[in-house]
**Student:** 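Following this message is one structure expressed as structure tokens.
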Amino acid sequence: MARDYYGILGVPKNASDQEIKRAYRKLARELHPDVNPAEDAQQKFSEVTTAYEVLSDPQKRKIVDLGGDPLDNGAGARGGGGDPFAGFGGLGDIMDAFFGAATGAGRGRGPRSRVQPGSDALIRISLTLEECATGVNKEIPVDTAILCDVCHGNGTAPGGTVKTCDTCNGQGEIQSVQRSFLGQVVTARPCPVCRGYGEVITDPCRQCGGDGRVRARRTVTAKIPAGVGDGMRIRLSGQGEVGPGGGPAGDLYVEIDEEPHDVFLREGHDLHCNLRVPMTTAALGATVPLETLIDGEYELDIDPGTQPGAELLLTGKGMPQLRSSGRVDGRGDLHVHIDVVVPTKLDEAQRELLRELAQQRGEDVSTLASGGRSGGLFSKLRAKSHR
């Protein structure tokens with residue numbers, strides 16, 4: 001029976017990709033073994049991770065919507081996604097798969113291998129904007145299936161053996177013949193004793209129970225290149241789940257969760273920041289220090305007469321441009337937005353200087369005579385409202 005991946009994440013079948021992603025993140029935070037000590041937390045965490053991997057893949061999700069299970073590769077074996085009819089030789093094989101029967105003499109596909117490829121795994125890590133800009137090597141703890149160090153994947157206890165299944169004679173399936181109005185119908189089902197393998201382990205490994213793998217926490221080193229951004233994934237080949245029977249491991253995908261920065265706002269490869277300058281500096285011009293994200297302190301020229309909201313562009317001072325090949329090709333720009341700071345507290349000498357400046361510029365200084373406390377527009381409006 002196909003698993004209810006939507007039910008595992010608690011989302012409807014018409015949920016958007018963003019809704020699925022939000023639901024997974026919420027459950028992952030609640031069930032991660034690092035924060036949830038419950039005995040079944042690790043199992044549930046693995047289930048929601050698998051459900052997200054399936055529903056975030058368009059091909060696998062399509063199979064789910066059609067009533068199938070992209071991780072079911074015959075007799076309940078875990079396998080990869082892709083074409084749901086891959087591996088079938090023709091119409092007879094497809095009929096066998098869906099109806100468990102073929103008219104005529106019937107033909108079995110033989111036992112399936114105990115050694116199966118492992119699944120991919122997904123883990124998220126948080127990076128600061130500085131780490132995204134410069135790249136970093138991260139030591140990441142992951143919980144995955146690893147090769148059993150007792151049986152080394154063969155599933156047998158020391159001294160144990162593997163023998164041919166007596167029930168199915170090594171065929172991996174049991175066939176039965178029935179007569180109907182269509183003629184003779186041969187049905188085949190997996191052998192209940194060997195579960196379709198055609199062989200039985202007489203003395204299973206006590207550590208892995210014959211599966212050839214165990215779950216354990218280990219640490220992997222992820223080399224994060226400069227220029228990564230929120231939502232990007234780094235693939236670590238062969239660092240995912242080891243397959244049943246000690247099969248080859250899948251890949252580990254590291255998804256980046258970029259943390260907000262206190263100063264810089266990222267927009268693609270460009271960065272934005274605000275720079276507060278005094279009104280005298282904006283009027284007269286000056287060279288002021290600016291701390292950039294990557295290059296350290298930069299001497300920024302403020303032109304005389306710079307207006308509030310002006311934008312200065314520093315070419316090549318933004319984020320590295322990471323290409324799909326994994327190489328960095330140039331950098332974005334840094335946009336500096338000028339905030340002109342008007343003083344809120346002036347002493348009498350400073351006010352007098354500003355009045356003199358206003359007079360020399362031919363500006364109306366009548367409202368400045370008493371420090372701006374009377375004669376202003378808002379004062380006149382208030383006086384009029386009280387008449």
**Student:** Can you tell me which residue pairs pass the ring-ring contact (aromatic ring centres under 6.0 Å, His included) test with a partner in residues 282-307, sequence neighbours excluded?
**Tutor:** none
**Student:** Are any of the side-chain nitrogens in R61 or D17 under 4.0 Å away from the carboxylate oxygens of its partner?
**Tutor:** yes
**Student:** Do Q321 and R323 have a side chain donor and acceptor closer than 3.5 Å?
**Tutor:** yes
**Student:** Give, for atom CG of L354 and atom CD of Q359, the distance between the pair rounded to the nearest 0.5 Å.
**Tutor:** 11.5 Å
**Student:** If you round to the nearest 0.5 Å, how far is CD of Q175 from SG of C191?
**Tutor:** 12.0 Å
**Student:** What's the spacing between D257 CG and E255 CD if we round to 0.5 Å?
**Tutor:** 8.0 Å
**Student:** Checking the side chain of S46 only, and the main-chain atoms of Q42 only, is there a donor and an acceptor separated by less than 3.5 Å?
**Tutor:** no
**Student:** Can you name the closest pair of heavy atoms from V48 and L27 and give their distance?
**Tutor:** CG1-CD1, 3.9 Å
**Student:** Checking R233 side chain against I256 main chain: does a donor-acceptor pair fall under 3.5 Å?
**Tutor:** no
**Student:** Please determine, by modelled atom types, if R215 and T144 share a side-chain donor-acceptor pair under 3.5 angstrom.
**Tutor:** no
**Student:** What's the spacing between E53 CD and L71 CG if we round to 0.5 Å?
**Tutor:** 8.0 Å
**Student:** V341: which other cluster members, linking ILVMFWY side chains closer than 4.5 Å, directly or transitively?
**Tutor:** none
**Student:** Sub-3.5 Å donor-acceptor pair from the side chain of Q239 to the main-chain atoms of L236, do we have one?
**Tutor:** no
**Student:** Mind checking side-chain contact (heavy atoms from CB on, under 4.5 Å) for P12 and listing every partner two or more places apart, or none if nothing turns up?
**Tutor:** N14, A15
**Student:** Enumerate the ring-ring contact (aromatic ring centres under 6.0 Å, His included) contacts for residues 7-28, please, sequence neighbours excluded, ordered by first and then second residue.
**Tutor:** Y24-Y52
**Student:** Check this for me: does any side-chain nitrogen of one of D69 and R3 sit under 4.0 Å from a carboxylate oxygen of the other?
**Tutor:** yes
**Student:** Taking A28's backbone N and O only, do any of them form a donor-acceptor pair with R124's side chain (distance below 3.5 Å, no angle check)?
**Tutor:** no
**Student:** How would you list, by chain and number, every residue that makes a ring-ring contact (aromatic ring centres under 6.0 Å, His included) with H335, sequence neighbours excluded?
**Tutor:** H272
**Student:** Share the residues that join V162 in a hydrophobic cluster, the rule being Ile, Leu, Val, Met, Phe, Trp or Tyr side chains under 4.5 Å apart at the heavy-atom level.
**Tutor:** I201
**Student:** Look up atom OG1 in T49 and atom CG in D120, then write down how far apart they are to the nearest 0.5 Å.
**Tutor:** 12.5 Å
**Student:** Kindly give the heavy-atom pair with the smallest separation between P320 and I294, and that separation in Å.
**Tutor:** CD-CD1, 4.0 Å
**Student:** side-chain contact (heavy atoms from CB on, under 4.5 Å) with T344: which residues, sequence neighbours excluded?
**Tutor:** none
**Student:** Remaining members of V214's ILVMFWY cluster at a side-chain heavy-atom cut-off under 4.5 Å?
**Tutor:** I146
**Student:** Between E47 and K44, is there a salt bridge with N-O shorter than 4.0 Å?
**Tutor:** no
**Student:** E19 side chain to S16 main-chain N or O, any donor-acceptor pair under 3.5 Å?
**Tutor:** yes
**Student:** Quick check: does any side chain N or O of R266 sit under 3.5 Å from a backbone N or O of G268, one acting as donor and the other as acceptor?
**Tutor:** yes
**Student:** Kindly state each residue pair satisfying ring-ring contact (aromatic ring centres under 6.0 Å, His included) with at least one member in residues 241-263, sequence neighbours excluded.
**Tutor:** H261-F264
**Student:** Going by salt bridge (charged side-chain N to carboxylate O under 4.0 Å, His left out), name the residues that satisfy it together with K138, two or more places apart in sequence or in a different chain.
**Tutor:** E131
**Student:** Does a donor on one side chain and an acceptor on the other come within less than 3.5 Å for E139 and T221?
**Tutor:** yes
**Student:** Any Lys/Arg nitrogen of K163 or E199 sitting under 4.0 Å from an Asp/Glu carboxylate oxygen of the other?
**Tutor:** no
**Student:** Could you tell me whether D295 and R331 make a salt bridge, using a distance below 4.0 angstrom between a side-chain N and a carboxylate O?
**Tutor:** yes
**Student:** What distance separates L312 CG from L334 CG, expressed to the nearest 0.5 Å?
**Tutor:** 9.5 Å
**Student:** For the backbone of G240 and the side chain of D251, can you confirm whether one donor and one acceptor N or O come within less than 3.5 Å of each other?
**Tutor:** no
**Student:** Check this for me: does any side-chain nitrogen of one of E356 and R351 sit under 4.0 Å from a carboxylate oxygen of the other?
**Tutor:** no
**Student:** Would you say L129 and M319 make side-chain contact, with heavy atoms under 4.5 Å?
**Tutor:** yes
**Student:** With side-chain hydrogen bond (donor to acceptor under 3.5 Å, both in side chains) as the rule and sequence neighbours excluded, what pairs involving residues 148-160 come up?
**Tutor:** D149-Q207, N154-T156
**Student:** Indicate yes or no for a side-chain donor-acceptor contact from D347 to the backbone of Q350 under 3.5 Å, with no hydrogens or angles considered.
**Tutor:** yes
**Student:** Does Q116 reach the main-chain N or O of R114 with its side chain, forming a donor-acceptor pair under 3.5 Å?
**Tutor:** no
**Student:** Taking the hydrophobic residues Ile, Leu, Val, Met, Phe, Trp and Tyr, and joining any pair whose side-chain heavy atoms are under 4.5 Å apart, which ones share a cluster with V150?
**Tutor:** none
**Student:** What is the minimum heavy-atom distance between A226 and A133, and which atoms define it?
**Tutor:** CB-O, 3.3 Å
**Student:** With a 3.5 Å distance limit and no angle check, can you tell me whether T281 reaches the backbone of G285 through a side-chain donor-acceptor pair?
**Tutor:** no
